[in-house]
2 protein chains.
Amino acid sequence: MQEIVPKFESIFTVDCVVFGFDEGELKVLLIERNEEDYTGWWALPGYYVQQDEGLDPAAERILYELTGLRDIYMEQFYAFGDVDRHPQGRVITVAYFAMIRLNPLKELKPVINYARKAFWHPINDLPKLAFDHTQIFEKSLEKIRRKISYQPIAFELLPEKFTLTQLQHLYELILNKKLDKRNFRKKMLNYGILKELDEKQRGVSYRAATLYKFDRRKYARLFQKELSFSK
Amino acid sequence: MQEIVPKFESIFTVDCVVFGFDEGELKVLLIERNEEDYTGWWALPGYYVQQDEGLDPAAERILYELTGLRDIYMEQFYAFGDVDRHPQGRVITVAYFAMIRLNPLKELKPVINYARKAFWHPINDLPKLAFDHTQIFEKSLEKIRRKISYQPIAFELLPEKFTLTQLQHLYELILNKKLDKRNFRKKMLNYGILKELDEKQRGVSYRAATLYKFDRRKYARLFQKELSFSK
DNA sequence: ATATAGTGTGTATTTATTACACTAAGGTAA
DNA sequence: TTACCTTAGTGTAATAAATACACACTATAT
């Protein structure tokens with residue numbers, strides 16, 4: 001390309017919107033900033049991308065450093081580059097969303113320092129966020145709302161074994177609307193991507209629900225059969 | 001954020017996948033490179049983002065410089081940042097797709113030099129592209145395929161006044177499958193977002209078709225009513 | 001034994017999708 | 001002016017999917 005305008009170089013970062021589903025709530029992982037700019041504010045976990053590092057690997061690394069988790073479902077969804085989004089100057093960020101199974105028994109183990117202050121926040125009660133992170137979060141919600149309607153990403157948020165009611169609640173939270181129980185079960189089971197287990201829920205003081213797991217092989221076989229939910 | 005790894009700075013660019021619909025074909029705008037790296041290769045129009053310029057404005061500027069067109073439908077769809085995507089070093093690009101009405105009577109008027117070598121290429125017969133531009137193009141196709149199924153972006157590619165057959169052909173090209181004429185018309189007219197005009201097609205040697213136009217106001221009133229097409 | 005709380009199930013109605021073929025209109029060429 | 005060519009424009013029946021809706025079952029706690 002011709003250099004009519006001078007090239008300039010910019011810092012760039014990756015920010016992650018990490019969703020988790022816990023105690024019947026949809027949560028997002030935030031860190032409390034301890035650094036220059038927006039000190040003490042909550043922010044999305046994010047970091048500088050390294051010289052020799054692609055975007056996806058950077059996102060994976062950052063998530064690992066914050067949570068100790070690897071092999072997590074992540075997807076890039078938008079780049080944010082407004083001129084004034086960062087007080088230090090021009091910083092462009094590429095945003096990813098991630099979905100992780102929250103295992104209440106297993107603490108997240110941050111690998112580097114600043115992650116000590118990472119906490120899960122219910123998405124309906126988020127504090128003000130640093131930079132344009134509120135905007136980034138909103139965009140991620142839009143994206144997963146659409147995506148959950150045609151691809152089985154919700155399973156990434158659930159434990160290996162789950163009940164149909166848990167699955168339905170999760171859909172309801174993400175889509176932000178009530179679904180009909182009988183219709184939901186009929187439809188979900190019809191897709192044929194769930195495997196019914198011989199196992200039941202334990203430790204509940206009412207009739208125990210059957211456990212299911214997501215059958216990735218069956219899903220792959222359907223090749224692009226898309227899910228869809230409206231009511 | 002703590003500076004555990006050194007920050008580094010990177011060049012970044014915007015690349016545009018510009019779609020046009022002409023002579024019954026879906027086309028994409030390519031430039032022939034006259035610069036260092038991939039000299040003589042076809043590439044997507046793209047350029048360096050300026051220091052004081054946001055991403056969306058950069059995309060709009062670049063499209064304007066290449067085509068002389070403004071107020072075009074554009075949407076950012078993905079950032080590409082593989083370490084080795086550019087021979088000169090680390091260059092991250094934010095990709096946009098754009099859709100423009102090709103008016104055969106009105107030539108595109110490039111404002112800057114390198115755009116002299118811009119041509120429209122049918123999407124089914126693209127040459128090898130420079131850098132990772134083939135990959136960028138493929139991703140843009142995926143995106144518009146999905147998007148056209150739930151939002152009225154196809155109209156951006158058609159002239160103000162169009163026939164239902166033209167509209168159907170365009171859907172068929174983008175979705176890459178045949179649609180049934182009667183079902184298509186029934187469905188499209190049912191959405192209530194088209195305005196039937198008193199005017200007919202001219203200059204054809206067969207029965208002239210009724211012209212329609214897209215009614216933005218009615219569409220807005222439907223507020224998120226989504227289109228959908230399967231067969 | 002009984003109260004409690006969530007599980008699990010079926011059917012009828014409405015709506016959307018699909019498959020399918022001929023006549024109407026306008027222009028061209030003999 | 002007539003025959004012909006090409007595309008426009010139309011309806012219905014069959015099937016599939018979405019929706020609305022309510023009660024009996026079961027495990028546990030008291």
Side-chain angles (χ1 to χ4, degrees), chain A residues 21 23-25 148-150 158-159 161-173 175-213 222 224-231, chain B residues 21 23-25 148-150 152 158-159 161-173 175 177-213 222 224-231:
Chain A
F21 179 53
E23 294 167 11
E25 275 190 313
I148 201 183
S149 300
Y150 63 88
L158 290 172
K161 301 168 182 179
F162 52 85
T163 71
L164 288 178
T165 302
Q166 287 169 339
L167 181 59
Q168 184 183 337
H169 283 348
L170 178 52
Y171 268 85
E172 289 176 338
L173 277 172
L175 296 175
N176 199 25
K177 66 174 152 188
K178 281 258 166 243
L179 302 173
D180 178 85
K181 181 159 87 164
R182 278 180 287 194
N183 295 338
F184 180 85
R185 295 163 88 92
K186 195 194 324 177
K187 190 162 185 174
M188 194 50 87
L189 292 172
N190 260 349
Y191 284 128
I193 57 176
L194 296 185
K195 182 170 186 180
E196 184 175 344
L197 303 176
D198 283 337
E199 225 174 321
K200 303 252 164 198
Q201 223 177 1
R202 294 164 142 266
V204 289
S205 70
Y206 45 79
R207 176 176 181 180
T210 303
L211 291 170
Y212 289 81
K213 64 184 199 182
L222 288 184
Q224 288 308 49
K225 166 147 187 175
E226 296 193 345
L227 316 176
S228 93
F229 288 89
S230 37
K231 206 160 184 184
Chain B
F21 179 55
E23 294 167 12
E25 274 191 313
I148 201 182
S149 299
Y150 63 89
L158 290 171
K161 301 168 183 181
F162 53 84
T163 71
L164 287 177
T165 301
Q166 287 168 339
L167 182 59
Q168 183 183 339
H169 283 348
L170 178 53
Y171 268 87
E172 288 176 339
L173 278 173
L175 297 175
K177 67 175 150 185
K178 280 259 167 242
L179 301 173
D180 179 84
K181 181 160 87 162
R182 278 180 287 192
N183 295 339
F184 180 85
R185 296 164 88 94
K186 196 196 323 179
K187 191 162 186 174
M188 194 51 88
L189 292 173
N190 260 348
Y191 284 128
I193 58 175
L194 296 184
K195 181 169 184 178
E196 184 174 344
L197 302 176
D198 284 337
E199 226 174 320
K200 303 250 163 199
Q201 225 176 0
R202 295 165 140 266
V204 288
S205 69
Y206 46 80
R207 178 178 179 180
T210 302
L211 292 170
Y212 289 81
K213 64 183 199 184
L222 289 183
Q224 288 308 48
K225 168 147 187 174
E226 296 193 344
L227 317 176
S228 93
F229 288 90
S230 38
K231 205 163 186 183

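Only this structure's heavy atoms are used, side chains among them; waters, hydrogens and symmetry mates stay out. These figures come from a predicted structure and were not determined experimentally. Naming: A, B, ... by sequence-line order, numbering from 1 per chain.
Remark: B:Lys187 NZ to B:Gln168 CD distance equals 12.5 Å, nearest 0.5 Å. The distance from the CG atom of B:Leu189 to the CZ atom of B:Phe184 is 9.0 Å, given to the nearest 0.5 Å. We find the CZ-CG distance between B:Arg185 and B:Asn183 to be 11.5 Å, quoted to the nearest 0.5 Å. Here B:His169 contributes atom NE2 and B:Leu158 contributes atom CG; the two are 11.5 Å apart, rounded to the nearest 0.5 Å.
Counting to the nearest Å, the C1' atom of C:dG27 and the CD atom of B:Gln201 are 12 Å from each other. Counting to the nearest Å, the P atom of C:dT7 and the CG atom of A:Leu211 are 11 Å from each other. For A:Asp180 and C:dG10, the CG to P distance is 15 Å, given to the nearest whole Å. Spacing between atom NZ of B:Lys178 and atom P of C:dC20 amounts to 16 Å, rounded to whole angstrom units. Going from atom CZ of A:Phe184 over to atom C1' of C:dT7 covers 15 Å, rounded to whole Å. Summarising the geometry, the separation between CG on A:Asn183 and C1' on D:dT19 is reported as 6 Å, rounded to the nearest angstrom. To the nearest angstrom, C1' of C:dG6 lies 12 Å from CD of A:Gln168. Nucleotide D:dT10 holds its C1' atom 14 Å from the CG atom of B:Asn190, rounded to whole Å.
Taking every heavy atom of both residues into account, B:Thr163 and B:Gln166 meet most closely at N-OE1, 2.9 Å.
Sequence order on DNA chain D of the closest nucleotides to B:Thr165 and B:Lys186 puts B:Thr165 first from the 5' end. Mapped onto DNA chain D by nearest heavy atom, A:Lys181 and A:Ala208 fall at different nucleotides, with A:Lys181 at the one closer to the 5' end.
In this structure, of C:dT17, C:dC20, C:dT9, it is C:dT9 that holds the atom nearest to the side chain of A:Arg182. Closest to the B:Lys187 side chain, of the nucleotides D:dG11, C:dA5, C:dT17, is C:dT17. Here the side chain of A:Ala209 is nearest to one of C:dG10, C:dT7, C:dC20, namely C:dT7. With D:dC21, C:dA5, C:dG8 as the candidates, the nucleotide lying closest to the side chain of A:Lys200 is C:dG8. When distances are taken from the side chain of B:Arg185 to each of D:dG9, C:dT9, C:dT18, the shortest belongs to D:dG9.
Within the structure, every side-chain polar atom (N or O) of A:Ser205 is placed at least 4.0 Å from both OP1 and OP2 of C:dG6.
Not a single donor-acceptor contact under 3.5 angstrom links the side-chain atoms of B:Arg207 to the base of C:dA25. Residue side chain A:Arg202 does not reach the base of D:dA27 through any donor-acceptor N/O pair under 3.5 Å, judged by distance alone.
If you check every strand for non-hydrogen atoms under 4.0 Å, A:Thr163 touches nothing.
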